[in-house]
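Residue numbering restarts at 1 for every chain, and letters A, B, ... go by the order of the sequence lines.
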Amino acid sequence: MQRTHTCGALRVSDAGRKAVLMGWVNRRRDLGSLIFIDVRDRTGATQVVFDRERNPALHDKAEVLRNEYVVAAIGTVKKRDPNTVNKNIPTGEVELVADELRILNQAKQPPFLPSETVLPNEEMRLKYRYIDLRRDAMQFNIELRHKVAMAIRGYLSAKGFFEIETPFMTRSTPEGARDYLVPSRVQPGSFYALPQSPQLFKQILMISGFDKYFQIVRCFRDEDLRADRQPEFTQIDLEMSYPQPDRVYEVVEGFLTAAFKAAGFQIKTPFPRMTYDEAIRLYGSDKPDLRLPPMTDVRDTFAQENLSNLAVSASSPIVAICIPKVGELSRKERDDIKPLFSGRGNAKLFEDFKRLEKSFPETAAKIREKSGAQPEDLIVIVAADSKPATHPSEGGVKPEVKQHDHAVYTAAGLLRVALAQRYAAQHGAFVRRDFRFLWVTDFPMFEWDEQGKRWAAAHHPFTSPHERDMDKLQSDPASVRALAYDVVLNGTELGSGSIRIHRQDIQRTIFHALGMTEEEAHTRFGFFLEALEYGTPPHGGIALGLDRIVMILAGAESLREVIPFPKTARAVDLMVDAPTPVSEAQLKELGIQVKKN
RNA sequence: GGGGACGUAGUUCAGUUGGUUAGAACGCUGCCCUGUCACGGCAGAGGCCGCGGGUUCGAGUCCCGUCGUCCCCGCCA
């Protein structure tokens with residue numbers, strides 16, 4: 001027997017036709033001599049009627065149906081009487097009057113039902129993922145993911161990009177995140193690593209002449225998880241030869257337009273751009289959320305004596321955060337927002353603007369004016385304590401003052417986001433369908449690694465510095481800007497890329513600046529340094545998180561809602577119960593001994 | 001590694017100051033019901049209160065430990 005229609009397909013125009021539906025019993029309404037069954041598949045549900053008067057034997061058969069049985073219903077499509085139409089579903093104007101019923105499979109009572117309105121807890125959903133995935137919302141998200149991926153593939157392919165696969169079993173490069181390791185049986189004691197990204201392979205594809213590459217590819221990072229971080233995740237990875245950053249922006253804006261269109265949204269291009277320094281000063285973050293107003297430096301509105309009264313540093317920024325339409329806060333609410341502020345460096349919070357207005361009316365008025373705050377907006381001030389902070393680092397090479405500024409800005413930026421989340425209902429700026437994209441450019445090349453007491457690559461060590469900063473690589477690493485860029489959406493980093501180093505001598509200089517000896521560079525990246533010597537075209541690219549894009553499009557709070565088989569916060573797959581110990585024999589074959597305690 | 005929230009019926013939850021027989025809704029089982037669509041009505045079954053220990057005459061409730069899930073910080077080039 002052949003299915004003639006899916007469960008979401010039948011309409012009034014089909015009335016009178018014979019139809020065969022197959023699917024799950026979504027709900028059963030047994031009225032005695034009349035039984036209604038909603039038969040569900042991924043396209044929807046259709047009501048099937050069993051009438052005792054019409055066919056007693058068939059009616060008896062339908063009596064045994066239970067939730068989640070898989071059935072085939074054969075019958076005639078009937079236009080419903082006007083008073084029995086269900087306006088809530090697309091198939092609600094028709095029903096299938098059954099002539100025959102086949103029970104294709106019975107079902108045990110499931111731990112929860114896909115049709116249930118209240119969700120079971122996540123542990124349950126992950127253990128019985130196949131049932132959870134039957135839910136409308138999950139079916140929608142997975143379909144959305146498919147459409148988005150296809151739109152991106154189609155766009156990039158049309159623009160001349162080849163989708164090229166790169167190895168999953170590759171070489172461990174102990175930079176950045178921890179690797180997932182795969183032991184080699186043939187060479188006991190040696191390990192492959194799963195890629196954190198196909199970074200070096202895609203660069204080598206440029207050296208190999210493929211010119212434009214992309215891949216929708218799984219990446220693996222053994223770091224602690226978050227709602228927006230899974231140990232394996234999917235990147236839209238691309239690389240091109242001879243690009244300016246603008247060329248990369250165009251491609252990304254192009255495929256994002258296609259992806260959002262596939263999801264039913266129109267977005268505006270080109271995206272606005274902002275340097276890293278601007279982002280930090282205006283938003284206290286390298287991934288600004290543009291849906292709310294930026295912060296304002298109101299340092300110049302304070303008189304010198306005010307600053308000493310408030311014990312505030314005059315040389316550091318004084319930042320006003322404005323959250324629209326929050327209204328006046330009660331004493332208790334003010335106390336409640338204090339814990340949202342984490343005093344980085346010597347940053348301190350003034351959450352009571354009213355009090356400031358009382359003590360310094362002129363200053364307060366100027367702050368209102370400068371920040372453009374409306375009377376009903378919430379204003380809080382973040383400044384630096386005038387007491388010199390005891391800084392953990394020694395040695396005078398680092399730009400200390402700048403770092404203190406940075407601490408004030410980022411402390412304010414974190415508070416801004418936390419306040420925005422808390423008062424989302426008041427300002428209403430977080431309603432869906434408002435997509436504020438942004439390019440953040442000119443990232444610093446290096447970051448000071450406090451633990452390792454050394455400079456580390458802010459992006460990755462293959463990122464090209466700005467031409468104009470080349471001579472500062474040794475003398476003033478902190479001020480070197482990279483040809484790196486992030487694409488940001490509503491405060492989420494969607495992707496990150498750069499123009500790469502294509503000259504072997506510059507690559508060596510960067511490794512050197514990162515404190516790597518010639519020997520270290522050779523053992524870790526020798527193959528790559530060598531490849532650079534055989535005629536490497538200038539190249540650059542970017543990688544975007546597919547999961548995050550789909551998450552935002554789905555309006556979901558967690559990546560787990562858009563990944564069919566995700567892992568828990570402890571990187572466990574509850575359905576298959578992985579990871580597990582393995583047998584002694586397996587370990588022996590790999591030459592691995594597990595330390596017991 | 002650190003901080004926080006949660007864990008009670010198949011599921012979602014309630015459970016007072018530590019007190020006698022641990023409740024509700026949905027689901028499940030049986031019966032009734034010819035126009036329901038989150039059908040309705042009646043009856044019923046269903047509990048290692050995550051696990052281990054302690055305090056107490058008495059623990060779902062208090063304490064300690066442990067396991068699990070979620071969120072955050074660190075971490076994620």
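The 12-atom threshold is exceeded at CZ of A/Arg11, counting heavy atoms of other residues, nucleotides or ligands nearer than 6.0 Å. Dense packing is recorded around CG of A/Asp99, with more than 12 heavy atoms of other residues, nucleotides or ligands lying under 6.0 Å away. Residue A/Trp24 qualifies as open at atom CH2: its count of foreign heavy atoms under 6.0 Å is 12 or below.
The aromatic rings of A/Phe525 and A/Phe511 sit parallel to each other, their planes meeting at less than 30°, with 60° as the upper class boundary.
Nucleic acid contact for A/Ala456: none, since no nucleic acid atom lies under 4.0 Å from a heavy atom of the residue. No engagement by A/Phe112 is indicated, since no non-hydrogen atom pair under 4.0 Å with the nucleic acid exists. Within the nucleic acid shown, A/Lys108 has no heavy atom closer than 4.0 Å to any nucleic acid atom. Base contact: A/Asp30 has a heavy atom under 4.0 Å from a base atom. Within the 4.0 angstrom heavy-atom criterion, no nucleotide atom of any strand lies near A/Arg52. Within the nucleic acid shown, A/Arg560 comes within 4.0 Å of sugar-phosphate atoms alone, with no base atom in reach, counting heavy atoms only. Using a 4.0 Å heavy-atom cutoff across all strands shown, A/Leu225 reaches no nucleic acid atom at all. Here A/Ser115 lies out of heavy-atom contact (under 4.0 Å) with every strand. Using a 4.0 Å heavy-atom distance criterion, A/Val48 is classed as making no nucleic acid contact. Residue contacts for A/Pro461: at a heavy-atom cut-off of 4.0 Å it reaches a base atom on one of the strands shown.
The side chain of A/Glu223 sits closest to B/rC75 out of B/rG35, B/rC75, B/rU29. In this structure, of B/rG1, B/rU34, B/rU69, it is B/rU69 that holds the atom nearest to the side chain of A/Val572.
Looking at A/Arg80 and A/Glu93, no side-chain N of the basic residue comes within less than 4.0 Å of a carboxylate O on the acidic one, giving no salt bridge. The pair A/Arg229-A/Glu223 does not meet the salt-bridge criterion, since no charged nitrogen lies less than 4.0 angstrom from a carboxylate oxygen. Under the 4.0 Å criterion applied to side-chain N and carboxylate O atoms, A/Arg27 and A/Glu116 are not assigned as salt-bridge partners.
Look at A/Arg29 and you'll find a side-chain N or O under 4.0 angstrom from OP1 or OP2 of B/rC39. Contact annotation: A/Arg570 reaches the phosphate of B/rU69 (side-chain N/O to OP1 or OP2, under 4.0 Å). One finds no side-chain N or O of A/Asn88 lying less than 4.0 angstrom from the OP1 or OP2 phosphate oxygen of B/rC37. Side-chain nitrogen and oxygen atoms of A/Arg226 include none within less than 4.0 Å of the OP1 or OP2 phosphate oxygen of B/rC75. Between A/Thr84 and B/rG35, a side-chain N or O to OP1/OP2 separation shorter than 4.0 Å is absent. The side chain of A/Thr568 contributes an N or O atom lying less than 4.0 Å from OP1 or OP2 of B/rU69. The side chain of A/Arg27 contributes an N or O atom lying less than 4.0 Å from OP1 or OP2 of B/rC39. For B/rU12, one of the phosphate oxygens OP1 or OP2 lies less than 4.0 angstrom from a side-chain nitrogen or oxygen of A/Asn121.
For A/Asn83 against B/rG35, a side-chain-to-base donor-acceptor contact under 3.5 Å is absent. Side chain A/Glu95 to base B/rG35: a donor-acceptor pair is found below 3.5 Å. With hydrogens and angles left out, the side chain of A/Gln47 and the base of B/rU36 share a donor-acceptor pair within 3.5 Å. At a cut-off of 3.5 angstrom, the base of B/rC75 holds no donor-acceptor pair with the side chain of A/Arg221. At a cut-off of 3.5 angstrom, counting only N and O atoms as typed in the model, there is a donor on one side and an acceptor on the other between the side-chain of A/Arg229 and the base of B/rC75.
B/rG10 atom C1' lies 11 Å from atom CD of A/Glu116, rounded to whole Å. Between the CG atom of A/Leu126 and the P atom of B/rC70 there is a distance of 7 Å, given to the nearest Å. Rounded to whole Å, the distance from CG on A/Asp51 to C1' on B/rU34 is 7 Å. Remark: C1' of B/rC71 and CZ of A/Arg422 are 14 Å apart, rounded to the nearest angstrom. The nearest whole Å value for the distance from the CD atom in A/Gln109 to the P atom in B/rU11 is 10 Å. Between the P atom of B/rC6 and the CZ atom of A/Arg125 lies a distance of 21 Å, rounded to the nearest Å. Rounded to an integer number of Å, the gap from A/Glu123 CD to B/rC67 P is 15 Å. To the nearest angstrom, C1' of B/rU29 lies 9 Å from CZ of A/Arg66.
Comparing A/Thr117 and A/Arg178 along RNA chain B, the residue whose closest nucleotide (by nearest heavy atom) sits nearer the 5' end is A/Thr117. In this structure, A/Asp81 and A/Pro111 both approach RNA chain B, and ranking their closest nucleotides by distance from the 5' end singles out A/Pro111.
Side chains of A/Tyr213 and A/Asp237: a donor-acceptor N/O pair is present below 3.5 angstrom, by distance only.
With the 3.5 Å cutoff on both pairing distances, Watson-Crick and G-U pairs in RNA chain B assemble into runs of at least 3 at B:1-7 with B:67-73, B:10-13 with B:23-26, B:28-32 with B:40-44, B:50-54 with B:62-66.
Nucleotides B/rU11 and B/rU69, compared at atom C1', are 16 Å apart to the nearest Å. One C1' atom belongs to B/rG53, the other to B/rC67, and the distance between them is 14 Å to the nearest Å. Comparing the same atom, C1', in B/rA24 and in B/rC31 gives a spacing of 24 Å after rounding to whole Å.
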List the steps and the verdict of side-chain contact (heavy atoms from CB on, under 4.5 Å) for A/Met445 and A/Arg481.
CA-CA 5 Å; A/Met445 184 76 189; A/Arg481 299 289 110 169; over 6 Å; no
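Taking CD of A/Gln199 as the start and CD of A/Glu239 as the end, the distance is 6.0 Å to the nearest 0.5 Å.
A search for side chain to side chain contact (heavy atoms under 4.5 Å, CB included) contacts involving A/Thr43 returns A/Thr6, A/Cys7, A/Asp41, not counting sequence neighbours.
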